[in-house]
Amino acid sequence: SAEFFLFGINCKVQKLKSIILIGWTKPPEGWAKLNSDGSVMGSTGKAGGGGVIRNHEGIWLKGYARPIGHTDSCRVELWALRDGLVLAKEMGLNSLVIELDALSVVILMTNNSANLLMEPLLTDCRNLLREIPNKQIVHAYSETNQCADALAKLGATSLSSFTVFLCPPPVVDRLLAYDKANMCCNRLVNS
């Protein structure tokens, strides 16, 4: 049994991996989609949030960006989500798919457990989410959230406090075209 035990410690279990095609997908007809993201710039530590709301045809409705100062990645993701939910509420959206590439925030938003470190921001997000009658909050791979990522980085370097974009800024033109054309890329995932 000692040999078996030692063999078990030294044996590394290899996880099977597979390649999947991923890309941004349109929401169902009659729904809108909010993609939000936060960014903390490594060299400066400046944080920013941003996102985009598109309709079921993938057409830009509104985008936003905001500098958030210096904070951690979870808080900046929550700020970006909060801004997007406020914008969706102001637009009167009743059916909304919310995609974030921060799995930890998706988990926070889909359970009711307390998290004193994230208060009151987490409560704001949960209360705003409750005001949307039909909603889905889902995790998205970062490759499918590139428009929101570009807006978050724009927010981190912005000098204004909060910007709403009625038309797409040039920084997302190419990315929007890829999304609208249903461009996909490969991603290696655990099987």
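The figures that follow rest on heavy atoms only: side chains count, while hydrogens, waters and symmetry mates do not. Positions are given from 1 along the sequence.
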Walk me through it: do Phe162 and Val86 pass the test side-chain contact (heavy atoms from CB on, under 4.5 Å)? CA-CA 12 Å; Phe162 183 69; Val86 167; over 6 Å; no

Test item: Ile59 and Lys180 side chains (from C-beta on) under 4.5 Å apart, heavy atoms: yes

Shortest non-hydrogen contact between Met41 and Ala156, atoms and distance: CG-CB, 3.7 Å

Please confirm whether the backbone N or O of Glu119 pairs with a side-chain atom of Thr123, one donor and one acceptor, at under 3.5 Å? no

Could you report the tightest heavy-atom contact between Ser36 and Ala80, atom names first, then the distance? CB-O, 3.9 Å

How many angstroms lie between CD1 in Ile98 and CE in Met109, if you round to the nearest 0.5 Å? 7.5 Å

To the nearest 0.5 Å, what is the distance between SG (Cys125) and CG (Asp83)? 9.0 Å

If we only count heavy atoms from C-beta on, is the Leu154 to Phe165 side-chain gap below 4.5 Å? yes

Compare every heavy atom of Tyr64 with every heavy atom of Asn35, then report the nearest pair and how far apart it is. O-OH, 4.5 Å

Side-chain touch Thr163/Pro169, heavy atoms, less than 4.5 angstrom: no

Within the 4.5 Å heavy-atom criterion, are Ile20 and Tyr141 side-chain neighbours or not? yes

Salt bridge (Lys or Arg N to Asp or Glu O under 4.0 Å) pairs, two or more places apart, involving residues 86-100: Lys33-Glu99, Lys89-Glu131

Shared ILVMFWY cluster between Val172 and Trp24, side chains joined below 4.5 angstrom? no

Separation between NZ of Lys135 and CG of Leu85, rounded to the nearest 0.5 Å: 10.0 Å

Minimum heavy-atom distance Gly49-Val76, with the two atoms named: N-CG2, 4.3 Å

Sidechain-backbone polar pair: Asn182 side chain, Thr25 backbone, donor-acceptor under 3.5 Å: no

Could you list the residues that satisfy side chain to side chain donor-acceptor pair (under 3.5 Å) with Arg187, not counting sequence neighbours? Glu143

Nearest-0.5 Å distance that lies between atom CG in Asp37 and atom OG in Ser73: 10.5 Å

Are Tyr178 and Leu151 connected in the hydrophobic side-chain network, where two residues link if heavy atoms are under 4.5 Å apart? no

Specify the closest pair of heavy atoms between Leu175 and Gln146, including all atoms of both residues, with the distance to one decimal. CD2-OE1, 3.3 Å

Can Asn186 and Leu21 be said to form a side-chain contact (heavy atoms from CB on, under 4.5 Å), step by step? CA-CA 5 Å; Asn186 292 331; Leu21 278 177; 3.2 Å; yes

Any donor-acceptor pair under 3.5 Å from Arg54 side chain to Pro27 backbone: no

Main-chain N/O of Asn134 paired to Trp31 side chain as donor or acceptor, under 3.5 Å: no

Would you say His70 and Thr44 make side-chain contact, with heavy atoms under 4.5 Å? no

Short side-chain to backbone donor-acceptor contact, Arg126 and Asn111, under 3.5 Å: yes

Within the structure provided, determine whether Leu129 and Leu81 are in side-chain contact (heavy-atom separation under 4.5 Å). no

If we only count heavy atoms from C-beta on, is the Pro67 to Lys46 side-chain gap below 4.5 Å? no

Taking the side chain from Asn145 and the backbone from Ala148, do they hold a donor-acceptor pair closer than 3.5 Å? no

What do the steps show when you test Cys74 against Leu108 for side-chain contact (heavy atoms from CB on, under 4.5 Å), and what is the final call? CA-CA 10 Å; Cys74 192; Leu108 279 172; 4.0 Å; yes

With sequence neighbours excluded, tell me which residues meet side-chain contact (heavy atoms from CB on, under 4.5 Å) with Leu121. Leu78, Trp79, Arg82

Residue pair Glu77 / Asp101, side-chain heavy-atom distance below 4.5 Å: yes

Hydrophobic clustering (ILVMFWY, side-chain heavy atoms < 4.5 Å, transitive) - are Ile22 and Met183 grouped together? no

Could you state the interatomic distance from CG (Leu16) to CG (Asn190), rounded to the nearest 0.5 Å? 9.0 Å

For the student: nearest non-hydrogen atoms of Leu96 and Ala88, plus distance: CD2-CB, 3.7 Å

Report yes or no: do Ile53 and Val106 belong to one cluster of Ile/Leu/Val/Met/Phe/Trp/Tyr joined by side chain heavy-atom distances under 4.5 Å? yes

Same cluster (ILVMFWY, side-chain, under 4.5 Å), Leu34 and Val97: no

